[in-house]
S.K.: 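Before we start, here is the structure in question, set down as structure tokens.
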Amino acid sequence: MGVVVALLALLVAAFLYLGWFQAGETTQRTRQTLTAVDTSTAFACKSNRQTVEREIQMWLVNNPGETPSLAAVASTARCPQGGDYELDGLAVHCTKHD
């Protein structure tokens, strides 16, 4: 009878041990997924800012001597995380990522 109790105790301990480490791996995978999402949205914002900068350059070709503005470009590019784009000379900055 004592051997059966010892085996059951070891079995319960093994289940608890394996469950603990699997839960830790799930948490780590969730963190990696969130980091990947944040990185990809920041990259998308950078791509959108570069698109706006190219649109400003094209606007300057068609409107020499005038001061560019975001309203003049009327770009549809937006930050995927809700940041606002601001124009600093010819550089475009995001309020969330820059």
S.K.: Quick check for you: to the nearest 0.5 Å, what is the distance between Met58 atom CE and Asn63 atom CG?
M.R.: 11.0 Å
S.K.: Restricting to non-hydrogen atoms, name the atom on Leu60 and the atom on Glu66 that form the minimum distance, rounded to 0.1 Å.
M.R.: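 Shortest heavy-atom contact: CD2-O, 3.6 Å.
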S.K.: For Thr51, which residues count as a side-chain contact (heavy atoms from CB on, under 4.5 Å) partner, sequence neighbours excluded?
M.R.: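 side-chain contact (heavy atoms from CB on, under 4.5 Å) list for Thr51, sorted by chain: Arg54, Glu55.
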